[in-house]
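A quick write-up on the structure given underneath.
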Amino acid sequence: MAGASAPASLAALPGIARAVPGPGDDAPVTARVALTVNGVRREIDLDLRTSLLDAMREHLHLTGSKKGCDHGQCGACTMIVNGRRINGCLTLAVMHQGAEITTIEGLGQPDALHPLQAAFVTHDGYQCGYCTPGQICSGVAVLEEIRAGIPSHATGDLTRPPELSEAEIRERMSGNLCRCGAYSNIVEAMTDYAEQASGSRA
Amino acid sequence: MKSFTYERPGTPAEAAAAMAQRPDAKFIAGGTNLLDLMKLQVEAPSHLVDVNGLGLDAIEETPEGGLRIGALVRNTDLAADDRVRRDYGVLARALLAGATGQLRNQATTAGNLLQRTRCPYFYDTAQACNKRQPGSGCSALDGVSRQLAVIGGSDACIATNPSDMAVAMRVLDATVETVDAGGTGRTIPIAAFHRLPGDEPERDTVLKHDELITAVTLPKPLGGVQVYRKVRDRASYAFALVSVAVVIQPDGTGRVAFGGLAHKPWRVEAAEGELPRGPKATASAALAGAAPTPDNAFKLTLAERTLGAALKQARA
Ligand SMILES: Cc1cc2nc3c(=O)[nH]c(=O)nc-3n(C[C@H](O)[C@H](O)[C@H](O)COP(=O)(O)OP(=O)(O)OC[C@H]3O[C@@H](n4cnc5c(N)ncnc54)[C@H](O)[C@@H]3O)c2cc1C
Ligand code: SF4
Ligand code: FES
Ligand code: FES
């Protein structure tokens, strides 16, 4: 996709709209970004500065993902990109051309809750709910990470697959802060969901 | 955030060439450090060169029996690699002690090595900071310096390097491979990669503007027991106050590097001869000449005790 020189490769990027800004020039530069969001292909024209989080919230009006800190410090913006959880606030939408993105809206809907959403309801895994979409996207991915054998700081023996324990869940969820302090109920909801999921797989 | 243009080249040569054309450009990898700083206008590049399309994401065995880690290998994948878990445990442990699952999924090997300091004044554009704005002064020298360096600092800057991974890379004697716009490659020993601040604190490393990191190479496995121990203000998701990476052999000899103490991972090879004599002897040799502030003098005691705990863990 890139040419030999900067301007050529810039031109090769679909729809880059403006030339190089000069000194003191802060006019927006835009690009057309194509993403598959919750299974649907979307194309949007974005200011290059747009984070993946803002692309979801402000442009696609998927407001489930929340902005807590905008600096990678709280996890409220956690979404699943090509199968992995990341912070939507610390990445640019334009860096994800062609990516598959799952937000909370893609995991479940009010009339068809994801099993982890249902477990959050059963176990009171929230109070105000602001951190919850991020917690649930993170939680779904955490259980996949444990199944895939990815170790964590809480893993005792690095040469063996990690276990599904409370200590593992707590450590792996440490990137999702909850100002209401619903932590212990979140761990219960995740444990319950993990047990259901492993039951249905067995 | 200031406006910028963007490109995503397909080869390392094109990426380095793109940088050479634009003195105000920056490479972007995971973006987890650069975008954070761009939002605060601590960094304000007018052009971004996205390195995610360069295909530098493999971990390969070297003819010498070591591992060559592509610059774009994500922190999660490096920590999860079976060879790293088996033969370079201190590296897997250091990675897993850093940041969060979400951030490690995005953060890359090169980006982690080049992450900038967490000095609070560097982040606050209303304060003087020689690293952010050369010549403006250093607010930390008589400010809040609890997190800052106790050794190797200068009158211009007492910032620390915040990377956990770099401490493990230092104890393992990794080398950094680069290529520049002229196509010239370099192999830089990790010991010579990060700089002390001196009177140019704006330069964290010896890299040139158009120099792209292509890989980080680990020598053949050292064996021994490998431990990374990190002390921080909360149990997870916090930067180190002090950290210790050790590799201890059955005869009690070994290696040690410290994090959280200096502008670079702190390792004094000459002090390692003291390891069989214990943490006090080793820490005093490694940290001779330390010049802490009243706020961070506790780090010297903490470093010795953390080393003691790491050695105990290694010998258990
Ligand atoms: C809330 C939070 C907590 C964190 N906690 C920790 C922690 O506890 N321990 C820890 O170690 N880290 C921690 N981090 C930092 C994290 O590890 C770094 O942000 C990450 O490793 C940077 O990698 P990246 O790929 O995202 O880099 P980027 O942000 O993309 O880039 C960082 C720098 O590297 C340059 N660069 C990138 N790739 C190349 C290349 N191939 N060649 C030349 N230059 C290149 C960029 O130009 C930029 O200057 C934390 C971060 C956050 C936001
Ligand atoms: S210690 Fe370094 S980074 Fe911190 S204010 Fe001083 S010059 Fe800036
Ligand atoms: S909004 Fe992204 S981590 Fe807080
Ligand atoms: S439920 Fe309120 S922040 Fe978590």
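A, B, ... follow the sequence lines: proteins, then strands. Residue 1 opens every chain. Source: prediction; values computed, not measured.
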Euclidean distance, B/Leu91 CG relative to A/Leu158 CG, rounded to 0.5 Å: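 Going from the CG atom of A/Leu158 to the CG atom of B/Leu91 covers 10.5 Å.
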Best-contacting candidate, [options], against chain A by heavy atom pairs under 4.5 angstrom:
options                             : value
B/Ala13, B/Gly101, B/Ala25          : B/Gly101
B/Asp50, B/Asp36, B/Thr100          : B/Asp36
B/Met19, B/Met38, B/Gln102, B/Arg93 : B/Gln102

Check whether more than 12 heavy atoms from other residues, nucleotides or ligands sit under 6.0 Å from atom [atom1] of [X], and answer yes or no.
X        : atom1 : value
B/Arg83  : CZ    : yes
B/Arg315 : CZ    : yes
A/Glu163 : CD    : no

Residue pairs passing the ring-ring contact (aromatic ring centres under 6.0 Å, His included) test where at least one lies in residues 124-145 of chain A, sequence neighbours excluded: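 Not a single pair qualifies under ring-ring contact (aromatic ring centres under 6.0 Å, His included).
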Sequence neighbours excluded - ring-ring contact (aromatic ring centres under 6.0 Å, His included) pairs with any residue from residues 138-193 of chain A: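 The answer is A/His114-A/Tyr193.
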Interface moiety of A/Gln73 toward chain B, non-hydrogen atoms closer than 4.5 Å: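 Contact with chain B: backbone and side chain both.
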Contact class of A/Asp47 relative to chain B, heavy atoms under 4.5 angstrom: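 Contact with chain B is absent: no heavy atom of A/Asp47 under 4.5 Å.
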Taking side chain as everything from C-beta outward and backbone as N, CA, C, O, which of these in B/Leu34 sits under 4.5 Å from a heavy atom of chain A? Side chain, backbone, both or neither.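 Neither part, no heavy atoms under 4.5 Å.
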Using non-hydrogen atoms only, which part of B/Ala29 is less than 4.5 Å away from chain A: side chain, backbone, both, or neither?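 The backbone, not the side chain.
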Locate the shortest heavy-atom distance separating [X] from [Y]; write the atom from each residue and the value.
X        : Y        : value
B/Ser3   : A/Pro28  : OG-CA, 3.6 Å
A/Thr159 : B/Arg85  : CG2-O, 4.4 Å
B/Tyr6   : A/Leu48  : CB-CD1, 3.6 Å
B/Leu103 : A/Gly72  : CD1-O, 3.9 Å
B/Ala79  : A/Pro151 : O-CG, 3.6 Å

Take A/Met95 and B/Leu48, measure what side-chain contact (heavy atoms from CB on, under 4.5 Å) needs, and give me the verdict at the end. CA-CA 11 Å; A/Met95 294 168 70; B/Leu48 289 181; over 6 Å; no
Find the one option among A/Met173, A/Arg172, A/Glu171 whose heavy-atom pairs under 4.5 Å with chain B are most numerous.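 When all of A/Met173, A/Arg172, A/Glu171 are compared, A/Glu171 has the most.
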Contacts of residues 75-92 of chain A with chain B (heavy atom under 4.5 Å):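 The residues closer than 4.5 Å to chain B, in numerical order, are A/Gly75, A/Thr78, A/Arg84, A/Arg85, A/Ile86, A/Asn87, A/Cys89, A/Leu90, A/Thr91, A/Leu92.
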What pairs with A/Glu100 under salt bridge (Lys or Arg N to Asp or Glu O under 4.0 Å), at least two apart in sequence or on another chain?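 Result, salt bridge (Lys or Arg N to Asp or Glu O under 4.0 Å) vs A/Glu100: none returned.
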Any donor-acceptor pair under 3.5 Å linking the side chain of A/Asp26 with the backbone of B/Lys2?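 Not confirmed, A/Asp26 side chain does not pair with B/Lys2 backbone.
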How about A/Val94 and B/Arg8: do any of their side-chain heavy atoms sit closer than 4.5 Å?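 They are not in side-chain contact.
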